[in-house]
There are 2 protein chains.
Amino acid sequence: MTKRGPYRKGETKRAEILQAALEIFAEEGYRGTSLRKVAARCGLSLPGVMHYFESKEDLLVQVLRRRDEVEKERLAELTGLGGSLDTLREGMRTPGLVELFVSLAASAGEHGHPAAEFFPRRYEELRAMLTRRVQEAMDEGQFASPIPAERLAVLLLAVADGIQLQWLSDRSLDMRTPVADVLRLLKPSDGG
Amino acid sequence: MTKRGPYRKGETKRAEILQAALEIFAEEGYRGTSLRKVAARCGLSLPGVMHYFESKEDLLVQVLRRRDEVEKERLAELTGLGGSLDTLREGMRTPGLVELFVSLAASAGEHGHPAAEFFPRRYEELRAMLTRRVQEAMDEGQFASPIPAERLAVLLLAVADGIQLQWLSDRSLDMRTPVADVLRLLKPSDGG
DNA sequence: GTCTATACTTAGATAGAC
DNA sequence: GTCTATCTAAGTATAGAC
């Protein structure tokens, strides 16, 4: 039987385009990559690609969105906090994707920009998820701090994002260490 | 007497252009702002502006560079760690400048891009400065942690940067809290 | 609904005159 | 040092074939 149910017609093609874009961005960086190039890899013309997306920015955001969905599945399986934060970056280990992520994050404040819809929601969800896991860790006595879980979630997310910025400038930097370090600061045994 | 000494001819005009760019970016965001617009504010044509800069990206980076020099002077006056981290962001409190900063940081890994020269150096300097101040605080007993000062510097910088990413998506977020929170985690009295 | 061809518009870059 | 004119690349919009 042909694909029906949850998949509308054309969804498979759209996914194919996003996949092609993802690959090109990962290989050559997303800057200096025109949509015509993405189209060529799919054997399409530019308007052929634009049939599936409202604008270039829309396509870029959907690349991230797709990436996120894959991550989310993995995150759902995990319960640990360290693993969650690591997973947040694992899908972003290629420079091209990190560049795309950071660059679009810069547009999250522009009204009408697709990123302005994506990022606030994404951050909300991530903070909520992290807050739960921090709270769990505190309940279990793994963490101890007078700072409420919500604020620690903001803090942890900031570390995970911020280290990526530094990593773009210095790829020899290990991205796991800072995350591990904050978590260590939260361990009761490490207090003065 | 006319300006001589350390200032070459044309430096004043270059500064004027950077100032105009800074203002426009602060007012309207740097995206969607063409160089022709910047040129117009200076009473110049596009080539008139390009005479002073190798490319648009070059101009953008120099806007950040200029901003940084102003910050550095303030930073030199401070000795406290919290104040240093706060100052790092105060010059970046307008969304347009934060967007510019984040967006260019995304290009720091591209060889040949002006940002690839600016950001690694900037981060190096900031980490060195923060390392010194963290070490001082530890020596004075204000902080206590088995984690070495260098790594804490990376961590603190990540928090300061990362919170800006979240801020772009949610401007109601207070950027000082997370920085204050990490510093609090480092205080010996807060251990479990 | 899917896709091509074509044309439009903007923006950064460059050449050469003054 | 600055302009006019021009070039090129890229995103966008339209018309229409299938």
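Heavy-atom basis, side chains included; hydrogens, waters and symmetry copies ignored. Lettering of chains follows the sequences in order, A, B, ..., and the numbering in each one begins at 1.
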query = Would you call B:F101 and B:Y30 a side-chain contact if the rule is heavy atoms closer than 4.5 Å?
reply = no
message = Quick check: do A:P114 and A:E54 have side-chain heavy atoms less than 4.5 Å from each other?
response = no
query = Of the options A:K13, A:R36, A:M50, which is the one that meets A:L44 in a side-chain contact (heavy atoms from CB on, under 4.5 Å)?
reply = A:K13
request  = Check whether more than 12 heavy atoms from other residues, nucleotides or ligands sit under 6.0 Å from atom CZ of B:R121, and answer yes or no.
outcome  = no
message = Checking A:I24 now: which residues fulfil side chain to side chain contact (heavy atoms under 4.5 Å, CB included) with it, not counting sequence neighbours?
response = A:E28, A:T33, A:V38, A:R41
Atom pairs, N/O to N/O, protein against nucleotides 9-13 of chain D, distance under 3.5 Å?
unit_1, atom_1, unit_2, atom_2, d
D:dG11, OP1, A:K56, NZ, 2.7
D:dG11, OP2, A:L35, N, 3.1
D:dG11, N7, A:R36, NH1, 2.9
D:dG11, O6, A:R36, NH2, 3.2
D:dT12, OP2, A:K56, N, 2.9

query = Going by the side chain to side chain donor-acceptor pair (under 3.5 Å) test, which pairs reach into residues 43-53 of chain A, not counting sequence neighbours?
reply = none
request  = Compute both the distance and the angle, then confirm whether A:R14 meets the cation-pi test with A:F53: under 6.0 Å from the six-membered ring centre, within 45 degrees of the axis.
outcome  = yes
message = My understanding is that only residues two or more places apart in sequence, or in another chain, count here; which of them pass side chain to side chain donor-acceptor pair (under 3.5 Å) with B:Q164?
response = none
inquiry  = Could you tell me the boundaries of the chain B footprint on DNA chain C, defined by atoms under 4.0 Å from its heavy atoms?
reply    = C:dA11 to C:dT14
note = As a check of understanding: the bend across the helix from C:dG1-D:dC18 to C:dC18-D:dG1, end axes from five pairs, rounded to 10 degrees, works out to 0°
ask   = Does CD belonging to B:E125 count more than 12 external heavy atoms closer than 6.0 Å?
value = yes
query = Under a 4.5 Å cut-off applied to non-hydrogen side-chain atoms, are A:R66 and A:Q62 in contact?
reply = no
